[in-house]
Amino acid sequence: MSPTGTPASPAGTSAVSASLPARHTFRSVAPVLALCWLAVFFDGMDVSVYGAVLPHMLDDPSLGLTPAAAGAIGSWVTFGMLIGALGTGTLTDWLGHRPVLVTSVLVFSAGSAACAVAGGPAAFGAGRFLAGLGLGGLMPICLSTVMEFAPPGRAALATGLLMTSYHAGGMVATGLGLALAPALGWRSVFWAGVLPAVIAAPLLLRLLPESPGVLLAKGRTAEAHAVADRYGMARPAPADAPPPGAKSRLGSVLALFRPGVRWATPLLWLASFCGLLLVYGVNTWLPQMMRTSGYGLTSSVSFLLVINAGGIAGMFLAGRTADRFGPVAVSALWFLLTAAGALLLGRHLPLGLTYVVVALTGIWLFSAQTMVYAAVNHVFPPADRTTAMGWVTGIGRTGAVVGPWLGGVLAAGGNGRLGFAVFASAGLLGAAAIGLVAVAARRSRG
């Protein structure tokens, strides 16, 4: 395996099965990718809805929300995500991908409903925390599922395609904020967050196949082979399956520090921390930061729409580039470009040029983090990837906690524009961390 760009054995296959059936293509696994895409679409919609309606919530005297409290609440949802992600990495290997994913969807839908009826900041924050528990469980499951079902050598592109849905959901959330909040109030937008329980959960429960590796670990070999055959995949070998039994959960975590990955693991955590600090900090505070920089309310909220549109384009570009040059190199470069974009946004540019810079920053910012996830596929073997993904996303959620909280502190102190420099610094640190993953892996092997 090579963190520098040489693909490891694709998830769900063994090293022996290097030559996969020709029919294992994006077309053959399209139903699985589409279902995961739908789940992550609603994830992006729920995460972005807070930033989309935050200016309206701050202007609502009946809610009593202050900028400092808004930043803290933005961190509550990401703290819930941290707990959900850390627990999911091991639970899915034990209980299965599908039941845990469906439960995650139902939990974050319930959290959105709680936000819609909240009478004050405390109740609203509790709803966001509940939503975070579900959202944190959803992402690592969908990522590991897509990597397992991805065609050989196309894991980075499959990951990028999956994450376009996150930004599509963010754009829809922004559109709902622009269309509904002024006329119907910010609560109406949170009611839209109940839709995943009605739409996505039944489809996932009925149509999403279970992981062949998990089925094999449970001793359901015939079912594992049937799923692999149905989607044109190589049948999983015992080495590809997570170890069975409750005791193996601790062993799966300890395997993240075995020789060969013991130094790469904390660097991936740090890169994920920086990436998610950027993703959630920007999604929560970009409209308010742009507003304090002198832009109007409508323009400030529309910047969130534009940056997510850039994020969609960036996923295609990053995925294709990473499959050729490796996700580590691409992620490091994308982090550097994100830092440059953040510094430019700190300057009050003409409106048209600002839209261009926002779009370009979106291209680099979101896919820098996504390529950290794709790097997991190159660093860890199939049996460890779900646990590794859960911990990379889970530890990274501490950055998602810090980003919204820090934005709130700066806004409360009248230093909102300083946030651009803070985000640029996070981009530089993220580039250094992911860039050192290849060096760390070589050192561990030495």
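- The backbone N or O of Tyr231 lies less than 3.5 Å from a partner atom in the side chain of Ser28, making a donor-acceptor pair.
- Residues passing the salt bridge (Lys or Arg N to Asp or Glu O under 4.0 Å) test with Asp229 are Arg235, sequence neighbours excluded.
- The shortest side-chain heavy-atom distance between Ile307 and Phe366 falls under the 4.5 Å cut-off.
- By the ring pair (Phe, Tyr, Trp, His ring centres under 6.0 Å) test, Phe108 pairs with no residue at all, sequence neighbours left out.
- Pairs engaging residues 354-376 under the salt bridge (charged side-chain N to carboxylate O under 4.0 Å, His left out) rule: none recorded [sequence neighbours left out].
- Counting heavy atoms from C-beta outward, Phe303 and Leu345 have side chains that stay 4.5 Å or more apart.
- Closest heavy-atom contact between Val146 and Thr159: CG1-N, 4.2 Å.
- Under the rule for a salt bridge (Lys or Arg N to Asp or Glu O under 4.0 Å), the partners of Arg220 that lie at least two apart in sequence or sit in another chain are Glu223.
- Contact between Val29 and Phe149 at its shortest, heavy atoms only, is CG1-O, 3.3 Å.
- The heavy-atom pair separating His24 from Pro152 by the smallest distance is ND1-CD, 3.7 Å.
- Pro121 places a side-chain heavy atom less than 4.5 Å from the side chain of Ile73.
- Atom CE of Met147 sits about 9.5 Å away from atom OH of Tyr373, to the nearest 0.5 Å.
- Contact of the Pro212 side chain with the Glu148 side chain is registered, since non-hydrogen atoms from C-beta on lie closer than 4.5 Å.
- Applying the salt bridge (Lys or Arg N to Asp or Glu O under 4.0 Å) criterion to Arg154, with sequence neighbours excluded, gives Asp323.
- For Phe380 and Trp391, the distance between ring centers is not under 6.0 angstrom.
- Partners of Leu161 under the side chain to side chain contact (heavy atoms under 4.5 Å, CB included) rule, at least two apart in sequence or in another chain, are Phe26, Leu157, Phe316.
- With sequence neighbours left out, Thr398 forms a side chain to side chain contact (heavy atoms under 4.5 Å, CB included) with Leu82, Phe273.
- Sorted by first and then second residue, the salt bridge (charged side-chain N to carboxylate O under 4.0 Å, His left out) pairs with a member in residues 119-133 read Asp46-Arg128; sequence neighbours excluded.
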Test side chain to side chain contact (heavy atoms under 4.5 Å, CB included) on Arg98 and Leu204 and set out the steps.
-> CA-CA 7 Å; Arg98 182 169 57 190; Leu204 292 167; 5.6 Å; no
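- In terms of modelled atom types and a separation under 3.5 Å, the side chain of Ser331 and the main chain of Val328 share no donor-acceptor contact.
- Side-chain contact between Ile434 and Met371 is absent, with no heavy atoms from C-beta onward closer than 4.5 Å.
- A donor-acceptor pair under 3.5 Å is formed between the side chain of Ser188 and the backbone N or O of Gly185.
- Between the OG1 atom in Thr361 and the CG atom in Leu337 there is a gap of 9.5 Å [rounded to 0.5 Å].
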Atom pairs and distances, donor-acceptor, side-chain atoms in residues 109-118, under 3.5 Å, two or more places apart:
from	atom 1	to	atom 2	distance (Å)
Ser109	OG	Val105	O	3.0
Ser109	OG	Ala197	N	3.1
Ser112	OG	Phe190	O	2.6

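- A 4.5 Å side-chain heavy-atom check between Phe335 and Leu278 finds at least one atom pair inside the cut-off.
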Worked verdict on Asp60 versus Leu65 for side chain to side chain contact (heavy atoms under 4.5 Å, CB included) | CA-CA 8 Å; Asp60 181 2; Leu65 188 66; over 6 Å; no
Can you list the steps and then say if Ser144 with His97 is a side chain to side chain contact (heavy atoms under 4.5 Å, CB included)?
-> CA-CA 9 Å; Ser144 59; His97 288 203; 3.6 Å; yes
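- Between the CG atom of Leu333 and the OG1 atom of Thr338 there is a distance of 9.5 Å, given to the nearest 0.5 Å.
- Sorted by first then second residue, the side-chain hydrogen bond (donor to acceptor under 3.5 Å, both in side chains) pairs that include residues 270-279, not counting sequence neighbours, are Ser272-Gln369.
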Would Cys142 and Leu101 satisfy side chain to side chain contact (heavy atoms under 4.5 Å, CB included), going step by step from the backbone distance to the final call?
-> CA-CA 8 Å; Cys142 288; Leu101 180 56; 3.9 Å; yes
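- For the ring pair (Phe, Tyr, Trp, His ring centres under 6.0 Å) with Phe124, the lone residue among Trp76, Phe129, Tyr50 that qualifies is Tyr50.
- In this structure, the side chains of Val279 and Leu365 come closer than 4.5 Å at one or more pairs of heavy atoms.
- Partners of Phe41 by side chain to side chain contact (heavy atoms under 4.5 Å, CB included), not counting sequence neighbours, listed by chain and number: Trp37, Met45, Ser165, Ala168, Val172.
- Contact annotation: the side chain of Met57 approaches that of Val53 to within less than 4.5 Å [non-hydrogen atoms, C-beta and beyond].
- Considering all non-hydrogen atoms of both residues, Pro209 and Val227 come closest at CB-CG1, 4.1 Å.
- Considering OG1 of Thr145 and CG of Leu35, their distance stands at 10.5 Å, rounded to 0.5 Å.
- Here the closest heavy-atom approach between residue Ala264 and residue Val437 is recorded as CB-CG1, 4.1 Å.
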Exercise answer: donor-acceptor pairs, residues 422-431 side-chain atoms, under 3.5 Å, sequence neighbours excluded:
from	atom 1	to	atom 2	distance (Å)
Ser425	OG	Ala421	O	3.1

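- Of all non-hydrogen atoms in Ala375 and Leu268, the two that sit nearest each other are CB-CD2, 4.1 Å.
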